[in-house]
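Below is one structure, written out as C-alpha cells; comments come after it.
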Amino acid sequence: GDRLQRGGPLVYTGAQIIRTDALDEIPARVFSLNTYWDKLVEAGTLYGTTYSGQWCDIGTPQGLKLAEQMLEVRHV
C-alpha cells in the first residue's frame, strides 16, 4: 500500500487492519480512531490502498437506491 496523509481527494471507506497493542498508547478509555490514525500519520506508518471500483454510501434511502441501481448495471 501507499503511505497516507490527512486531506486530499480520497476517502476512507471502512475496512482496516490495525495493531491493537498500539491502542494502549492512547490514555482515554473511549476515543475516536481518528486519534490513532493521527498518531500513525505523525509516525509515517499509516498505509492504505486505493479501490478502483465503484462504491456508494448506503446510509440513506437515496444511497440504498443508488446501490441497487449499480448492482443492476454491473457485477460487483
Side-chain angles (χ1 to χ4, degrees):
D2 296 325
R3 186 172 289 154
L4 301 178
Q5 295 289 324
R6 291 293 201 162
L10 303 177
V11 63
Y12 167 71
T13 60
Q16 62 182 309
I17 299 171
I18 62 173
R19 293 185 54 175
T20 57
D21 58 331
L23 295 175
D24 293 336
E25 298 173 12
I26 300 172
R29 183 170 179 261
V30 178
F31 57 91
S32 167
L33 282 177
N34 281 302
T35 303
Y36 180 65
W37 297 342
D38 288 343
K39 287 182 170 290
L40 295 177
V41 167
E42 185 178 314
T45 57
L46 181 64
Y47 292 90
T49 188
T50 303
Y51 173 65
S52 61
Q54 293 184 328
W55 70 276
C56 68
D57 180 352
I58 60 168
T60 65
Q62 298 87 350
L64 182 56
K65 184 175 182 175
L66 175 59
E68 290 169 342
Q69 291 170 348
M70 290 169 65
L71 289 171
E72 289 175 5
V73 175
R74 296 179 179 253
H75 294 289
V76 181

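Sequential numbering from 1 along the given sequence is applied to the chain's residues. Worth knowing before you read on, the calculation uses all heavy atoms, side chains too, and leaves out hydrogens, waters and symmetry mates.
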Check A67 against I58 and note the closest heavy-atom contact, atom names and distance.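 Nearest heavy atoms, A67 then I58: CB-CG2, 3.5 Å.
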Among residues two or more places apart or on two chains, list those pairs meeting side-chain hydrogen bond (donor to acceptor under 3.5 Å, both in side chains) that have a residue in residues 39-49.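 For residues 39-49, and leaving out neighbouring residues, the side-chain hydrogen bond (donor to acceptor under 3.5 Å, both in side chains) pairs sorted by first residue read R3-Y47.
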Are M70 and L66 packed together at the side-chain level, in the sense that at least one heavy-atom pair is separated by less than 4.5 angstrom?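 Sidechains of L66 and M70: in contact.
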Measure the shortest side-chain to side-chain distance between Y51 and T13 over non-hydrogen atoms and say whether it is less than 4.5 angstrom.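 Not in contact.
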How many angstroms lie between atom [atom1] of [X] and atom [atom2] of [Y], to the nearest 0.5 angstrom?
| X | Y | atom1 | atom2 | value |
| --- | --- | --- | --- | --- |
| Q69 | L64 | CD | CG | 10.0 Å |
| L40 | I18 | CG | CD1 | 8.5 Å |
| N34 | R6 | CG | CZ | 4.5 Å |
| E68 | C56 | CD | SG | 9.5 Å |

Taking ring-ring contact (aromatic ring centres under 6.0 Å, His included) as the cut-off, I'd like each qualifying pair that reaches into residues 10-32, sequence neighbours left out, listed once.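 For residues 10-32, and leaving out neighbouring residues, the ring-ring contact (aromatic ring centres under 6.0 Å, His included) pairs sorted by first residue read Y12-W37.
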Among residues two or more places apart or on two chains, list those pairs meeting salt bridge (Lys or Arg N to Asp or Glu O under 4.0 Å) that have a residue in residues 12-27.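 For residues 12-27: R19-D21.
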Tell me whether L33 shares a hydrophobic cluster with V41, the cluster being built from Ile, Leu, Val, Met, Phe, Trp, Tyr side chains joined at under 4.5 Å.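 Shared cluster, yes.
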Over 12 non-hydrogen atoms of neighbours within 6.0 angstrom of CG in L23: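 Yes, CG of L23 has more than 12 neighbouring heavy atoms, counting only those of other groups under 6.0 Å.
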